[in-house]
Amino acid sequence: MSGTYLGMPSFPVAAREAVNNPTLRANLRHATHTIRAKRAVAVAELADWALLREAGKQIKDRTLRHLDTLLVELEEKVTAAGGVVHWAADAEEANRIVTELVVETGEREVVKVKSMATQEIGLNEALEAAGIAAYETDLAELIVQLGEDRPSHILVPAIHRNRGEIRDIFATTMGEWGRPAPDDLTDSPAALAEAARLHLREKFLRAKVGISGANFMVAETGTLVVLESEGNGRMCLTLPETLISVVGIEKVIPSWRDLEVFLQTLPRSSTAERMNPYTSTWTGTTDSDGPKAFHLVLLDNGRTATLADEVGRQALRCIRCSACLNVCPVYERAGGHAYGSVYPGPIGAILSPQLRGTQSDIDASLPYASSLCGACYEVCPVAIDIPEVLVHLREQVAEKGGKGHRLEKTAMKAAGWILNHPAALTAGERIASKTRALHPKTVPGASAWTDSRDLPALPEQPFRDWWKKNRT
Amino acid sequence: MRVALFVTCVNDAVYPSTGIAVVKLLERLGVEVDFPPGQTCCGQPQFNTGYRRETEPLVRRMGRVFEGYDHVVTPSGSCAAMVRDNYPRIAHKGSDPQLQQVADTLVPRMYELTEFLVDVLGVTDVGAYFPHTVTYHPSCHGLRMLGLGERPRKLLEAVKGLELRDLPGAEECCGFGGTFAMKNSDVSAAMGEDKVRNAASTGAEVLCGADNSCLMHLDGLLHRQGAPQRALHLAEILASTEEEPLG
Ligand code: SF4
């Protein structure tokens with residue numbers, strides 16, 4: 001994944017910063033609670049939600065089982081429609097392919113929309129190294145780019161920013177990238193949207209190359225699909241002469257009939273809308289309209305490895321609706337940046353360590369970035385059992401015995417032995433109870449607990465002694 | 001009807017009063033309850049931290065200890081959920097047919113206390129008396145994995161003298177999460193502080209729950225803040241009567 005995230009500290013360390021930042025916490029709390037409540041209403045409107053959820057799950061599972069043949073079918077159909085398909089095994093290969101394609105056009109700037117895949121591979125940085133400027137055109141992405149920031153949410157990448165902060169970013173940096181913001185820019189949503197609109201319009205009309213992602217790829221016709229709210233995507237997809245779409249291989253679905261399910265569940269889960277404002281579909285090229293050249297870069301980058309894991313593969317069902325982020329109590333306090341990836345929140349906690357492996361500090365800590373409360377599983381429109389995958393990944397991390405886990409494993413083994421020998425357990429409990437007056441309130445080594453919480457006073461006797469005395 | 005109490009390791013060592021309350025409550029309702037002393041821990045802390053292999057002997061022990069009982073009752077939603085949701089998974093992953101045997105036979109007999117009262121005994125009014133204001137936190141495992149639904153609320157509402165107050169944001173996790181409370185202590189405490197603040201806003205004297213692990217975390221926060229509110233297990237409220245009020 002993107003070099004931007006290399007050297008991230010582990011999750012608990014990164015989260016501490018956000019936990020102690022009251023503005024950030026207030027922004028996140030407000031945003032997630034608002035959308036959470038709206039989503040609940042939008043979902044409750046559909047009497048057959050449970051069936052749609054099950055259908056979405058099954059369509060995705062069937063797709064994953066037949067991924068090889070579906071991708072070949074997709075390639076055939078895209079090619080027949082005048083497009084060119086490229087296969088990229090990893091980030092480096094994908095970046096090289098896209099950079100070469102842009103260089104071939106002779107252009108030095110591109111407009112971009114709706115592509116987490118390109119963030120995952122760090123495409124903007126790769127293009128920059130080749131002397132090509134990439135302009136984000138999604139409003140929130142624009143805010144992130146102008147603020148030299150990182151996205152912190154799948155759907156609302158600038159969720160951690162409030163209106164005042166956005167105004168300041170626009171006022172100071174828009175001019176460096178293109179049309180400056182007006183001098184009298186206020187922080188009203190209408191004024192901010194208008195400034196962004198004028199700034200972006202200039203870019204859309206000039207750009208000869210567009211780069212996009214896709215929410216779905218329909219194998220039966222070779223059609224790509226993008227769902228969006230602003231209409232910027234549609235301009236990005238139709239105005240340039242060359243369109244390059246970079247899409248993860250798991251985004252394919254067999255047929256248009258399957259799409260129907262997701263067109264219902266995705267908008268309601270993500271923006272709490274009954275239908276998303278813009279649904280754009282494109283199939284290859286047409287002589288009279290739209291881009292003259294179309295390239296599809298199919299990205300693996302750890303996906304087939306994830307597919308090989310029986311429990312973990314369900315993460316590939318994800319349709320990136322972000323509902324799990326909005327209900328997650330950990331995300332709400334830790335913020336998106338703490339996850340060290342373009343995929344934050346519960347889905348990020350299971351997807352990133354699978355796509356990247358668990359060698360780094362951040363990836364080894366992500367499976368533990370959850371209290372396993374299950375709220376994410378409950379809202380997921382494709383029923384990904386995120387807690388199940390988290391525990392499964394914890395096992396992999398613990399097995400490897402990395403940093404800290406060797407000691408923990410020894411402790412777990414010792415505890416396991418005691419728990420399997422009730423006499424030893426009873427003796428231990430008795431000693432603890434007898435010496436309870438001696439127990440300090442702050443136990444050495446348990447400071448992670450006692451920094452903020454008191455330990456309970458130990459009882460006079462354990463339950464088993466009471467039972468023995470009173471009931472036998 | 002042979003009923004066994006699975007008291008859980010936390011209740012045994014730290015909160016025996018909860019176990020005692022369950023025994024007295026069930027006996028008052030005419031149930032003869034047994035406590036097999038060979039029991040220890042369901043393996044939840046080990047399993048959830050990623051030590052599945054280390055839980056296997058504990059799963060076998062649970063199967064052995066509770067063999068022959070018609071029902072196994074536990075005053076812990078998360079331990080009941082551990083058995084019900086995770087034992088089949090552990091059995092599926094391990095190659096030992098004995099694990100499968102435990103999952104097949106123990107899972108359907110495992111009951112969280114409020115399920116046992118409402119579903120098996122068919123009571124919601126257990127004849128309790130507790131003249132205090134109470135707010136109830138439905139711990140995540142009871143809420144989502146077991147789907148306890150209205151059971152705890154119905155039981156509390158039937159308690160004489162008790163005034164139940166709605167907890168704002170009730171369905172949000174309190175931040176305990178087993179070893180999460182230590183591994184991510186900053187986030188854990190931040191979650192708990194919000195829960196405790198919501199509980200305080202109700203003005204209730206007691207923050208009630210059905211899982212002592214979550215309550216240990218919350219009570220620890222209340223205690224540290226010097227708050228007047230105290231955390232209390234549901235079983236202790238249900239065990240309290242006019243003749244023998246909670247001590
Ligand atoms: S895991 Fe589920 S809830 Fe989360 S973003 Fe993906 S589809 Fe949405």
So which of [options] has the biggest tally of heavy-atom pairs under 4.5 Å with chain A?
| options | value |
| --- | --- |
| Thr179(B), Asp194(B), Asp219(B) | Asp194(B) |
| Arg61(B), Glu172(B), Gln39(B) | Arg61(B) |
| Val14(B), Asn11(B), Thr18(B) | Val14(B) |
| Glu54(B), Gln225(B), Arg89(B) | Arg89(B) |
| Cys41(B), Cys9(B), Ala190(B) | Ala190(B) |

Side chains of [X] and [Y]: closer than 4.5 Å at any heavy-atom pair?
| X | Y | value |
| --- | --- | --- |
| His217(B) | Trp449(A) | yes |
| Pro16(B) | Pro462(A) | no |
| Ile20(B) | Trp467(A) | no |
| His223(B) | Leu455(A) | no |
| Lys183(B) | Pro12(A) | no |
| Glu310(A) | Lys93(B) | no |

Side chain, backbone, both or neither of [X] within contact of chain B (heavy atoms, under 4.5 Å):
| X | result |
| --- | --- |
| Arg333(A) | side chain |
| Ser370(A) | backbone |
| Gln396(A) | neither |
| Val19(A) | side chain |

Shortest non-hydrogen contact between [X] and [Y], atoms and distance:
| X | Y | answer |
| --- | --- | --- |
| Phe180(B) | Ala369(A) | CE1-C, 4.3 Å |
| Arg394(A) | Thr49(B) | CB-O, 3.8 Å |
| Arg471(A) | Val23(B) | NE-CG1, 3.8 Å |

Apply ring pair (Phe, Tyr, Trp, His ring centres under 6.0 Å) to Phe35(B) and Phe463(A), showing your working. CA-CA 10 Å; Phe35(B) 174 79; Phe463(A) 174 81; 4.9 Å; yes
Can you confirm whether the side chains of Ser188(B) and Arg453(A) place a donor and an acceptor under 3.5 Å from each other?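 Indeed, the side chains of Ser188(B) and Arg453(A) share at least one donor-acceptor pair under 3.5 Å.
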Portion of [X] that has a non-hydrogen atom of chain A nearer than 4.5 angstrom:
| X | answer |
| --- | --- |
| Asp85(B) | neither |
| Asp12(B) | both |
| Leu221(B) | both |
| Leu218(B) | neither |
| Arg60(B) | neither |
| Gln46(B) | both |
| Val187(B) | both |
| Glu27(B) | side chain |

Determine whether Arg53(B) and Glu399(A) satisfy the following criterion, side-chain contact (heavy atoms from CB on, under 4.5 Å), listing intermediate values before the conclusion. CA-CA 10 Å; Arg53(B) 255 183 263 271; Glu399(A) 283 284 302; 3.2 Å; yes
Report yes or no: does Arg224(B) contribute a side-chain atom to a donor-acceptor pair with the main-chain N or O of Asp451(A) at less than 3.5 Å?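 Yes: the side chain of Arg224(B) pairs with the backbone of Asp451(A).
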Close contacts, residues 372-382 of chain A versus chain B, judged by heavy atoms under 4.5 Å: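 Counting heavy atoms that sit under 4.5 Å from chain B, the residues of residues 372-382 of chain A involved are Leu372(A), Cys373(A), Gly374(A), Ala375(A), Glu378(A).
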side-chain contact (heavy atoms from CB on, under 4.5 Å) between Met191(B) and Val330(A): does it pass, once the steps are laid out? CA-CA 8 Å; Met191(B) 288 160 70; Val330(A) 176; 4.1 Å; yes
Are there more than 12 heavy atoms of other residues, nucleotides or ligands under 6.0 Å from atom CD of Glu171(B)? no
Gap separating the CG atom of Asp454(A) from the CG atom of Leu222(B), nearest 0.5 angstrom: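 It comes to 10.0 Å.
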